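Take a look at the structure set out below.
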Amino acid sequence: QVQLVESGGGLVQAGGSLRLSCAASGSDFSFDAMAWYRQAPGKQRELVARMSGNSTHYVDSVKGRFTISVDNAKNTVYLQMNSLKPEDTAVYYCNLVLLSLEAGDYRYIELWGQGTLVTVSS
């Protein structure tokens, strides 16, 4: 069974940087698509960045500041966040679509990380 562990959140001043990590553990799986979402207090969860194959997508508010990447050898997805702003404050969640061996068959499964809090002070 594949499990996700997120890390890297914390408190940072405006203009600073953080790198979030989402590590997948288990066996017999491969990445199909990966994404980062965030949810600020009192707001709906929004897609921040998504990667599938060679295609990436970013919400306009983070373009040029955030970068999604994957290290397949480490089974880890990253979100590098630079030039952080107070409005980036939120709980960040990774979302992975994996091709996983389940009960003898390969199936696509979707997993969510537990969330990590990013707080940007002004």
Side-chain angles (χ1 to χ4, degrees):
Q1 187 175 3
V2 183
Q3 293 185 325
L4 303 183
V5 176
E6 290 188 42
S7 61
L11 174 65
V12 64
Q13 288 188 331
S17 298
L18 284 174
R19 189 178 76 162
L20 306 182
S21 300
C22 178
S25 62
S27 61
D28 295 314
F29 68 90
S30 60
F31 292 135
D32 180 71
M34 58 285 300
W36 288 92
Y37 288 74
R38 67 185 178 187
Q39 187 165 19
K43 295 188 177 181
Q44 290 187 330
R45 189 173 298 189
E46 69 167 346
L47 175 66
V48 175
R50 187 178 188 274
M51 173 185 287
S52 179
N54 293 323
S55 174
T56 57
H57 166 81
Y58 297 92
V59 66
D60 286 346
S61 59
V62 309
K63 283 181 180 177
R65 299 189 298 123
F66 290 12
T67 303
I68 186 172
S69 63
V70 60
D71 185 332
N72 287 298
K74 296 182 178 180
N75 290 330
T76 301
V77 178
Y78 301 99
L79 184 68
Q80 178 67 44
M81 306 185 295
N82 299 326
S83 302
L84 283 160
K85 304 175 181 180
E87 51 263 42
D88 294 319
T89 295
V91 177
Y92 284 72
Y93 299 89
C94 65
N95 172 264
L96 302 184
V97 176
L98 308 175
L99 185 60
S100 177
L101 183 61
E102 304 279 330
D105 288 327
Y106 277 97
R107 303 174 183 176
Y108 287 101
I109 62 172
E110 182 179 19
L111 297 175
W112 287 89
Q114 81 277 13
T116 185
L117 177 63
V118 171
T119 304
V120 184
S121 63
S122 57

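One-based numbering along the sequence shown. From a predicted model like this one, the values you see are computed outputs, not experimental measurements.
Side-chain contact between Val77 and Cys94 is absent, with no heavy atoms from C-beta onward closer than 4.5 Å. Between Leu98 and Tyr108 the shortest side-chain heavy-atom distance does not fall below 4.5 Å. A heavy-atom distance below 4.5 Å is not found between the side chains of Phe66 and Val59.
Comment: Asp60 engages Lys63 in a salt bridge, judged by a side-chain N to carboxylate O separation of less than 4.0 angstrom.
Not counting sequence neighbours, the partners of Arg107 by the side-chain contact (heavy atoms from CB on, under 4.5 Å) test are Glu102, Ala103, Asp105. Taking Ser17 as the reference, Gln80, Asn82 meet the side-chain contact (heavy atoms from CB on, under 4.5 Å) condition, with sequence neighbours excluded. For the side-chain contact (heavy atoms from CB on, under 4.5 Å) test, residues two or more places apart in sequence or in another chain that qualify with Thr76 are Ser21, Ala23, Lys74, Tyr78. Applying the ring pair (Phe, Tyr, Trp, His ring centres under 6.0 Å) test to Tyr37 and every residue at least two apart in sequence or in another chain returns Trp112.
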Below 3.5 Å, can you tabulate the donor-acceptor pairs from side chains in residues 41-58 to any protein atom, sequence neighbours excluded?
unit_1: Glu46; atom_1: OE2; unit_2: Arg38; atom_2: NE; d: 2.7
unit_1: Glu46; atom_1: OE2; unit_2: Arg38; atom_2: NH2; d: 3.1
unit_1: Tyr58; atom_1: OH; unit_2: Ile68; atom_2: N; d: 3.0

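When all heavy atoms are compared, the tightest approach of Leu20 to Gly9 is CD2-N, 3.6 Å. When every heavy atom of Leu4 is checked against every heavy atom of Gly113, the shortest pair comes out as CD1-N, 3.8 Å.
Pairs passing the salt bridge (charged side-chain N to carboxylate O under 4.0 Å, His left out) check and including a residue from residues 2-30, sequence neighbours excluded, do not occur.
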